Amino acid sequence: MGKKVVYRLPRKTFDGDKEIHLNDLEEFLVNENQSLKYKVGELKKEDIKLGRLKKDKDEFSIIEPSSIDLIKRYRRGAQIMTLKDAAPIIAKTGINKESLVIDAGTGSGSLASILANIVGEVHTVDINQDHVKVAKKNVEKTNLKNIVFVEKNILEPANFEKEKYDLFTLDISTPWNALDTANKVLKKGGYLVVYSPSITQIQKTVNELPKYLQYLETIEVIERAWKVGEKVLRPETKDHGHTGFLCFVRKL
Ligand SMILES: C[S@@+](CC[C@H](N)C(=O)[O-])C[C@H]1O[C@@H](n2cnc3c(N)ncnc32)[C@H](O)[C@@H]1O
C-alpha cells in the first residue's frame, strides 16, 4: 500500500505590526487510500496526491516518503536507537554500499534499517521471537531488501561465520558477553560499536576486551534543537535528555 508524507504548512497572520502565529509545521504519514484528520479539518483520500494542495485556509505539501520518514515511525517493541546515535556510527566507521554489517539485537529493527539504508547488507540477530516479528513488520513497510533476520544467540560465536563483517553493532544489556563473538566475526580493520545507556556497561566491556579488539573512544551525542523565527531565537524547551553511550573498538 502506497504511503505519502503530508506536511501541513505553517500559517501566520498580522494584526497591524504584530505577527500572529496560527499553526506550526505538522507532518503526517498516511496511506494513499485513507483520509487524514488533522486538528481543524480533514483531507479526503482523493486529495492525497503528490504536490501542493489548498484546503480552506490551509496549504499542504504531499511527497513520497524517504526510508527515514518510514523508519522514524517504526512500532517499538524494544528501546530503539535514535538517528542522532546512529549518525556517528556511519561517519566514524566509514561504512558504505560494499559493507557487510552484523547487528545485535534487532529490537525494533531501527538501527538495522538505518544502516541498511547505507550499506550492502545487514545481518540482524535477536533471540526474542516477538521482537523479530515486530522488526520484520516494521521493515516490510520500507523498500529495504538488504536486511537478513537471524534468530540466534549472539553470545554463541559458532552461530556465525568467521572474519566476515566490516561492522558489528552491539546493543544488548550485557555487551561484554558478546566480545568473543565480535573478535571472531569481524574482519581485520572492522569495527565493533557498543551502544549502552549506562557508562558502567561500557566500562565493563572495555575492561574485558580481548587482545585483538583495540579500544578507540567512547562518546555521548547531545543534540539540542533550537527554535528559530523572526522574533524568537532560543533552544527548544523540550529536552530529549540522555539516550546512551557509543563505544568504538577496532579489530587490529
Ligand atoms: C535494546 S534492543 C535493540 C534495539 C535496536 N538496536 C533498535 O535500534 O531497534 C535489545 C535487543 O537485544 C536482544 N538480545 C538480548 N540478548 C541477546 C542475545 N544474547 N542474542 C541476540 N539478541 C539478544 C533483545 O531480545 C532485544 O530485542
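Note that this is a predicted model, so its numbers are computed, not measured. As the structure lists them, so they are numbered: ligands from 1, and atoms in each ligand from 1.
From the protein, the heavy atom lying nearest to atom 12 (O) of ligand 1 is Gly105 CA, 3.4 Å. Distance from atom 4 (C) of ligand 1 to its nearest protein heavy atom, with residue and atom name: Gln79 O, 3.1 Å. Among all protein heavy atoms, the one lying closest to atom 2 (S) of ligand 1 is Ala78 CB, 3.7 Å. With hydrogens left out, the protein atom closest to atom 15 (C) of ligand 1 is Ile172 CG2, 3.7 Å, a heavy atom. For atom 10 (C) of ligand 1, the nearest protein heavy atom (residue, atom name, distance) is Asp171 O, 3.2 Å. Closest to atom 23 (C) of ligand 1, if we only count protein heavy atoms, is Ile127 CG1, 3.5 Å. Residue, atom and distance of the protein heavy atom nearest to atom 20 (N) of ligand 1 are Ile154 N, 3.0 Å. The protein non-hydrogen atom at the shortest distance from atom 11 (C) of ligand 1 is Asp126 OD2, 3.6 Å.
The contact set between ligand 1 and Leu155, taken as ligand atoms under 4.0 Å from a residue heavy atom, comprises 19 (N). For ligand 1, the atoms sitting less than 4.0 Å from at least one non-hydrogen atom of Ser108 are 9 (O), numbered in the order shown with element in parentheses. Within ligand 1, the atoms closer than 4.0 Å to a non-hydrogen atom of Asn128 are 25 (O), numbered from 1 in the order shown. Close contacts between ligand 1 and Leu111 involve ligand atoms 7 (C), 8 (O) [criterion: under 4.0 Å to a heavy atom]. Of all the atoms in ligand 1, the ones that sit under 4.0 Å from a non-hydrogen atom of Asn153 are 18 (C), 19 (N), 20 (N). Per-residue contacts place Lys152 under 4.0 angstrom from the following atoms of ligand 1 (heavy atoms of the residue considered): 20 (N), 21 (C). Proximity to His131 (heavy-atom distance under 4.0 Å) selects the following atoms of ligand 1: 24 (C), 25 (O), 26 (C), 27 (O).
When the shell of 6.0 Å around NZ of Lys137 is examined, it contains 12 or fewer heavy atoms from other residues, nucleotides or ligands. In Glu208, the CD atom is crowded: over 12 heavy atoms of neighbouring residues, nucleotides or ligands sit closer than 6.0 Å.
Here Thr106 has backbone heavy atoms under 4.0 Å from ligand 1, and that is the only part of it that gets that close. Here Met81 has heavy atoms under 4.0 Å from ligand 1 in both its backbone and its side chain.
Asn31 and Lys3 form a side-chain donor-acceptor contact under 3.5 Å, judged by distance and modelled atom types alone. With 3.5 Å as the limit, one finds no donor-acceptor pair spanning the side chains of Tyr195 and Thr169. Side-chain contact annotation: Gln129 with His131, donor-acceptor N/O pair under 3.5 Å absent. Under the 3.5 Å distance criterion, with hydrogens and angles disregarded, a donor-acceptor pair is assigned to the side chains of Thr200 and Ser198.
Under 4.0 Å is where a charged nitrogen must lie from a carboxylate oxygen, and between Glu223 and Lys84 no such pair does. Ion pairing of Asp58 with Lys54 is absent here, as no side-chain N (NZ or NE/NH1/NH2) approaches a carboxylate O to less than 4.0 Å. Of the charged side-chain nitrogens involved, at least one lies within less than 4.0 Å of a carboxylate oxygen, so that Glu27 and Arg73 count as a salt-bridged pair.
The ring of Phe60 has its center closer than 6.0 angstrom to the ring center of Tyr38. Checked against a 6.0 Å centroid threshold, the rings of Phe149 and His123 do not count as neighbours.
Heavy-atom separations between Gly109 and ligand 1 include at least one value shorter than 4.0 Å.
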